[in-house]
Amino acid sequence: MRTLDILWYAGLKGSTYTIADMKCPWSSYVNPNLEKIRGLANQWLNKTIKINEEGITKIAKHQLDYQTALLFPYFGSENLLKVAKFLELTSTCDSFVDDFRGNVNILSTPKYRDIEQRFYDMLAEAGKTFDLNELQHERFNTYFSGFVKTNLEKETMKKYNQILTLEEYPEFRFRNSGIMVFVIAERQLNINLTAYQVNHPAFKKMIKLFALYVCYANDIFSFRAEYFDDHWINVVTVAMVEKSFGLQEAIDFVNDVVLHDTLKSILKTQLEIMEDSLLWTSDMAKCFMMYQVFAAGNITYGLQGSRFHENMGYDRSFPLQVNLQN
């Protein structure tokens, strides 16, 4: 853990940088059922979860129905809507964490258990239709617990102007990745992995690598939005601090080195899995297909989505010019 120089960080305002082609080897597609679900998940969230109007407006700007249609292009409309609802649900995390902002000792108090329980109660009520099997439910709970805890840990880091190192960041980012959506998606695709598969080190490594590939791309795209939200738990900022990079150097480093190395590890791990006949089943193959189109769709959404750019831009392409201005 390092300490961030806040004055230096504030001085980045007005900088410009370029995001070069991420060279994703997979193709993205938009689910043809998008129009059938557009706006429905947000309407459902308004009725189901009581958060303030600012939180609802912020979530609506993310246009998660469009994002879901890119991440899961092969889903039917019913299953697509289920996943869109889940993404809307997890997007309320910041609003709930706001209730405990400023309490830097939250993780060691009953209040942490309170907020965690609020999330579980909310998901139990809203997620009954997910119908997870026992193995999926166990994985979901593990991922979800890490997601809630790391969102609260970020508040402690912000309170003390702390920032992770490049060595610490991958494990933290994986736990904060929202990877539980993969489990929800497996259920919608009727993928039933065995205990041998989900507990195998190669599978655990593979799912972590895919999550990080998605997250590193998101960190690049979201840097501008997060900068103006005083959110520096981002691999770009980590690289600037640890390696004394300028902003453009850090963007290029994450894109050319971190993202590329993660992709190489994904392809190598896939070959390892394919060599084990107990691991490489038709369900595992469907998992890989899902992860690949998810990763590709995530990059397309990063280019076009209002979550990162304040407005949609279907004609955006690499190289992307970005300015750190409000």
Side-chain angles (χ1 to χ4, degrees), residues 2-25 28 54 57-64 66-67 70-71 91 94 154 157-158 161-166 168-170 172-173 176-177 212-263 295-326:
R2 297 169 182 264
T3 300
L4 182 72
D5 183 337
I6 296 298
L7 290 178
W8 164 81
Y9 187 69
L12 294 173
K13 186 175 181 179
S15 301
T16 59
Y17 57 94
T18 301
I19 302 175
D21 192 344
M22 292 181 177
K23 299 176 182 176
C24 178
S28 66
E54 180 183 355
T57 302
K58 181 178 180 181
I59 292 168
K61 283 184 178 179
H62 288 185
Q63 296 186 300
L64 292 175
Y66 174 68
Q67 183 185 23
L70 277 168
L71 300 182
S91 293
D94 286 344
K154 285 193 292 188
M157 286 185 241
K158 288 175 70 174
N161 299 334
Q162 293 173 327
I163 189 164
L164 297 163
T165 65
L166 283 171
E168 296 167 329
Y169 189 78
F172 178 89
R173 193 65 174 93
N176 191 240
S177 66
L212 288 175
Y213 184 80
V214 167
C215 289
Y216 292 146
N218 277 355
D219 281 4
I220 293 173
F221 286 122
S222 67
F223 180 82
R224 180 187 178 279
E226 292 178 348
Y227 178 81
F228 289 110
D229 195 32
D230 291 327
H231 174 67
W232 54 77
I233 315 302
N234 180 303
V235 71
V236 175
T237 310
V238 170
M240 279 194 285
V241 171
E242 183 160 331
K243 292 187 169 290
S244 300
F245 282 155
L247 178 53
Q248 185 63 62
E249 286 179 293
I251 292 285
D252 291 342
F253 171 76
V254 176
N255 197 347
D256 297 341
V257 179
V258 178
L259 199 63
H260 183 67
D261 285 352
T262 305
L263 176 60
N298 178 70
I299 289 176
T300 300
Y301 179 73
L303 271 172
Q304 300 173 353
S306 59
R307 177 179 179 182
F308 303 131
H309 309 290
E310 296 302 319
N311 62 300
M312 296 297 286
Y314 295 108
D315 58 344
R316 288 197 188 98
S317 60
F318 293 117
L320 185 65
Q321 305 293 321
V322 185
N323 192 320
L324 285 186
Q325 292 287 0
N326 292 85

Worksheet entry | Worked verdict on Met22 versus Phe221 for side-chain contact (heavy atoms from CB on, under 4.5 Å) | CA-CA 11 Å; Met22 292 181 177; Phe221 286 122; 3.5 Å; yes
Discussion item. Using the rule given for side-chain contact (heavy atoms from CB on, under 4.5 Å), can you reason through Leu263 versus Lys23, listing the C-alpha separation, both sets of side-chain angles and the distance that settles it, and then say yes or no?
Written reply: CA-CA 10 Å; Leu263 176 60; Lys23 299 176 182 176; over 6 Å; no
Practice prompt. Go through the steps for Phe318 and Thr18 under the test side-chain contact (heavy atoms from CB on, under 4.5 Å), then give the verdict.
Written response: CA-CA 9 Å; Phe318 293 117; Thr18 301; over 6 Å; no
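When all heavy atoms are compared, the tightest approach of Cys215 to Ser177 is SG-CB, 3.4 Å. In terms of heavy atoms, Leu324 sits closest to Leu247 at CD1-CD2, 3.9 Å. Of all non-hydrogen atoms in Ser222 and Asn234, the two that sit nearest each other are OG-ND2, 3.8 Å. Across Asn323 and Gly14, no two heavy atoms sit closer than the pair OD1-O, 3.7 Å. Taking each heavy atom of Ser317 and Leu303 in turn, the nearest pair found is C-CD2, 4.0 Å. Between Ala250 and Ala239, the shortest heavy-atom contact is CB-CB, 4.2 Å.
Every residue two or more places apart in sequence or in another chain was checked for a ring-ring contact (aromatic ring centres under 6.0 Å, His included) with Phe172, and none qualifies. Under the rule for a side-chain hydrogen bond (donor to acceptor under 3.5 Å, both in side chains), the partners of Glu168 that lie at least two apart in sequence or sit in another chain are Thr165. Residues that satisfy the side-chain hydrogen bond (donor to acceptor under 3.5 Å, both in side chains) test with Thr262, not counting sequence neighbours, are absent from this structure. A search for salt bridge (Lys or Arg N to Asp or Glu O under 4.0 Å) contacts involving Asp261 returns Lys264, not counting sequence neighbours. Not counting sequence neighbours, the partners of Lys243 by the side chain to side chain contact (heavy atoms under 4.5 Å, CB included) test are Leu166, Phe245, Phe253. Residues meeting the side-chain hydrogen bond (donor to acceptor under 3.5 Å, both in side chains) test with Asn176, sequence neighbours left out: Thr150, Lys154. Legend: residues meeting side-chain hydrogen bond (donor to acceptor under 3.5 Å, both in side chains) with Gln162, ordered by chain and number and at least two apart, are absent.
Note: Ile251 CD1 to Leu320 CG = 10.0 Å, rounded to the nearest 0.5 Å. A distance of 14.5 Å separates CE of Met157 from CZ of Arg2, quoted to the nearest 0.5 Å. Within the model, atoms CG of Asp256 and CG of Asp21 stand 10.5 Å from one another, a figure rounded to the nearest 0.5 Å. Expressed to the nearest 0.5 Å, how far CG of Leu164 lies from CD1 of Ile233 amounts to 5.5 Å.
Pairs passing the salt bridge (Lys or Arg N to Asp or Glu O under 4.0 Å) check and including a residue from residues 213-226, sequence neighbours excluded, read Arg173-Asp219. Legend: side-chain hydrogen bond (donor to acceptor under 3.5 Å, both in side chains) pairs involving residues 245-254, not counting sequence neighbours, sorted by first then second residue: Gln248-Asp252.
Residue Tyr213 forms a side-chain contact (heavy atoms from CB on, under 4.5 Å) with just one option from Val258, Asn298, Ile299, and that option is Ile299.
Counting heavy atoms from C-beta on, the side chains of Thr237 and Phe223 come closer than 4.5 Å.
Of the possible polar contacts, one joining the His309 side chain to the Gly302 backbone as a donor-acceptor pair under 3.5 Å is found.
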In residues 5-13, what donor-acceptor pairs under 3.5 Å come from side-chain atoms, sequence neighbours left out?
unit_1 : atom_1 : unit_2 : atom_2 : d
Asp5   : OD1    : Leu7   : N      : 3.1
Asp5   : OD1    : Trp8   : N      : 3.1
Lys13  : NZ     : Asn326 : OD1    : 3.0

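The aromatic rings of Tyr66 and Tyr301 sit tilted relative to each other, their planes meeting at an angle between 30° and 60°.
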